[in-house]
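Atoms within each ligand, like the ligands themselves, are counted from 1 in listed order.
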Amino acid sequence: MKHLAMTHDIVVAGGGPGGIPAAIAAARNGAKTLLVEKNGYLGGNLSIGLPLLAYLDKWGHQVTAGIAQEYVDRLTKHGACWGHARCPMHNSITTYNHDISKIVLLEMCQEAGVEILLHAEVVDTNVDNGCLKSVTLYGKGFRIEVDAKVFIDATGDGDVAYMAGAQYDMGQKDTGVLQPPTCMFSVGGVNEEKFFQFLDDEPEQMILSDTIEVGQGYDVSHFRSTKNYTVVGLRKLFTELKAKGELPVDRDTFIGINSMLPGEHNINCTRHLGIDGSNLFDLTRAEIDGIFQIENLVATMRKHIPGYENCYITRIYPSIGIRETRRFIGKKQLTEDKILAGDIPEDAIGLGSYIIDIHDGNGAGTIVKKIDAYGIPYGCTVAKDMRGLMFAGRCASLDAVVMSSARVMPTCMVIGEGAGVGAALAVRHGIQPADVDVREIRTILKASGVLLDKTW
Ligand SMILES: Cc1cc2nc3c(=O)[nH]c(=O)nc-3n(C[C@H](O)[C@H](O)[C@H](O)COP(=O)(O)OP(=O)(O)OC[C@H]3O[C@@H](n4cnc5c(N)ncnc54)[C@H](O)[C@@H]3O)c2cc1C
């Protein structure tokens, strides 16, 4: 084993939607920043076939901008994004090419001066007197001790904060149930027109359960009107197949996402119940189960969904998607009552607006509720019980219902950018992230185009 030591101002652990903007914002604001990612590429769930949801609110107003918008602009320049299109269910859908995304993310990080270490996993932490002092990275036989003034945990599951012993919550209130993971894959050979004709002929296929609040016009005419579409439907077919014992997944609806490649749909449809994605053994079980569910699901799609008769697997994404695990306790916690009230506090570092979207981790259903834009307080990114530790992405200090909304990738990017600016200012002023004047953070965010309030 080779032992090395490094010193940075800021270490961002996890190169997904939370971590990348955190690292870019920190570096742009003068901090010597290291971004550590266990995979060989940047993106996290930006690389698993999902569309970007809710840059726009339910009325069509843009709520997410800043680095998240720069990312979309860059993708568009590469011919790898179709921009934002309104959706009656998901507020808005932004379809992009997940491979070109890897190029764009590297470009953006490198231009900002972020130092990147790939194939490096944070495997340990060193806490001294309530302050996170260093983390240990491991990769390819290298063991590296990295000191920093601020660490931003953007690992999704909050692995760094967990190892450091920070406080966290898990699961829905009262039940503790976690949203289930899904193994994403894509199929080619889809006859879109035939699929739409099926939905035309059987409009009842678009009737969803009464726990799902759908906006007016979420039907086949909407899908025909835009290339940026995601079909959540086929409940009737799934119910019939389940009754006959022919449904290979524990879901009551199908989710097909249009890809930028002709005839390709990305499928968000496997479901794995009773899984804790932060538990190595559960995670392994879900990955294996996911792979087998995919083949059975594709066979079912070929047999029963008009338009998919000749579909074939084009991609199985590198690892299973985890919707929900640890949510860490911050100086502030954003709670359901605040987002239902559309509260935008004075210390907001950005806005969210995506629907409350809770997939049942114990059954086949989903709860969807439409909400207005809300503000995310800076304190959600700052650990309550540990100095030197911040959060970005879905492990931030949000209650379970808020997380079901703020977990979408554009909102995770907003949280990341705010955390990155806060961390850089802490370093600049030689203080803790908790002591940074939020007004100074907001001035910088505003100048970078982040939307901090309703402009309508
Ligand atoms: C099935 C599914 C469908 C979804 N659908 C959508 C959708 O349609 N649109 C949308 O916008 N959002 C969607 N989401 C939500 C969204 O993808 C996630 O909530 C979001 O990606 C979380 O971002 P993050 O940066 O916190 O975590 P991640 O995207 O998971 O990124 C975390 C990164 O940290 C790295 N990492 C983890 N541990 C370590 C470690 N110890 N050391 C170093 N690196 C580490 C990982 O490799 C990864 O790159 C979906 C999620 C799932 C699971």
Side-chain angles (χ1 to χ4, degrees), residues 11-23 34-55 64 68 87 89-96 102 105 117-125 135-139 151-163 178-185 230 232 255 257 266-272 275 277-278 283 286 290 317-328 352 354-355 357 359 366 391-396 398 403-416 419:
V11 172
V12 179
I20 293 163
L34 178 69
L35 176 61
V36 180
E37 167 55 49
K38 73 178 162 72
N39 291 324
Y41 56 89
L42 293 183
N45 280 4
L46 288 165
S47 313
I48 67 166
L50 301 164
L52 300 159
L53 298 179
Y55 271 86
T64 300
C87 170
M89 181 164 188
H90 305 90
N91 295 358
S92 70
I93 293 189
T94 308
T95 308
Y96 65 105
K102 293 175 183 165
L105 294 172
L117 200 57
L118 299 174
H119 295 292
E121 183 163 359
V122 179
V123 293
D124 206 356
T125 56
V135 293
T136 307
L137 315 181
Y138 175 81
F151 297 84
I152 303 178
D153 188 338
T155 60
D157 298 324
D159 286 2
V160 176
Y162 172 72
M163 286 186 276
L178 291 163
Q179 294 198 50
T182 291
C183 221
M184 291 291 302
F185 66 98
T230 292
V232 180
I255 306 183
I257 302 161
N266 306 333
I267 310 299
N268 176 352
C269 214
T270 75
R271 180 171 281 196
H272 313 279
I275 293 292
S278 63
L283 187 59
Y317 291 92
S319 50
I320 196 162
I322 302 299
R323 286 191 176 82
E324 178 181 11
T325 52
R326 307 179 189 109
R327 294 169 287 100
F328 283 82
Y354 182 60
I355 53 180
D357 181 5
H359 297 238
T366 304
F391 315 115
R394 69 173 166 87
C395 65
L398 314 164
M403 202 286 304
S404 80
S405 160
R407 70 192 173 92
V408 285
M409 298 183 287
T411 311
C412 285
M413 294 178 96
V414 166
I415 298 173

>> Would you compute the distance between atom CZ of Phe151 and atom CG of Leu34 and round it to the nearest 0.5 angstrom?
In response: 10.0 Å

Between ligand 1 and the protein, tabulate every N or O atom pair separated by less than 3.5 Å, reporting distance only.
{"residue": "ligand 1", "atom": "8 (O)", "partner": "Pro51", "partner atom": "O", "Å": "3.4"}
{"residue": "ligand 1", "atom": "9 (N)", "partner": "Pro51", "partner atom": "O", "Å": "2.7"}
{"residue": "ligand 1", "atom": "11 (O)", "partner": "Leu53", "partner atom": "N", "Å": "3.4"}
{"residue": "ligand 1", "atom": "11 (O)", "partner": "Met409", "partner atom": "N", "Å": "2.8"}
{"residue": "ligand 1", "atom": "17 (O)", "partner": "Asn45", "partner atom": "ND2", "Å": "3.1"}
{"residue": "ligand 1", "atom": "19 (O)", "partner": "Arg407", "partner atom": "O", "Å": "2.6"}
{"residue": "ligand 1", "atom": "25 (O)", "partner": "Pro17", "partner atom": "N", "Å": "3.3"}
{"residue": "ligand 1", "atom": "25 (O)", "partner": "Gly18", "partner atom": "N", "Å": "2.9"}
{"residue": "ligand 1", "atom": "26 (O)", "partner": "Arg394", "partner atom": "N", "Å": "3.0"}
{"residue": "ligand 1", "atom": "29 (O)", "partner": "Asn45", "partner atom": "N", "Å": "3.0"}
{"residue": "ligand 1", "atom": "41 (N)", "partner": "Val122", "partner atom": "O", "Å": "3.4"}
{"residue": "ligand 1", "atom": "42 (N)", "partner": "Val122", "partner atom": "N", "Å": "3.0"}
{"residue": "ligand 1", "atom": "44 (N)", "partner": "Lys38", "partner atom": "N", "Å": "3.3"}
{"residue": "ligand 1", "atom": "47 (O)", "partner": "Glu37", "partner atom": "OE2", "Å": "2.6"}
{"residue": "ligand 1", "atom": "47 (O)", "partner": "Asn39", "partner atom": "ND2", "Å": "3.2"}
{"residue": "ligand 1", "atom": "49 (O)", "partner": "Glu37", "partner atom": "OE1", "Å": "2.6"}
{"residue": "ligand 1", "atom": "49 (O)", "partner": "Glu37", "partner atom": "OE2", "Å": "3.2"}

> Are Asp124 and Val135 close enough that some pair of their side-chain heavy atoms sits under 4.5 Å apart?
Replying inline: no

> Which heavy atom in Pro410 sits nearest to a heavy atom in Ala68, and how many Å separate them?
Replying inline: O-CB, 4.3 Å

> If you count the non-hydrogen atoms of other residues, nucleotides and ligands that lie under 6.0 Å from OH in Tyr41, is the total more than 12?
Replying inline: yes

> Strictly by modelled atom types, are Asp153 and Thr155 linked by a side-chain donor-acceptor pair under 3.5 Å?
Replying inline: yes

>> If the condition is side chain to side chain donor-acceptor pair (under 3.5 Å), which residues does Glu37 pass it with, not counting sequence neighbours?
In response: Asn39

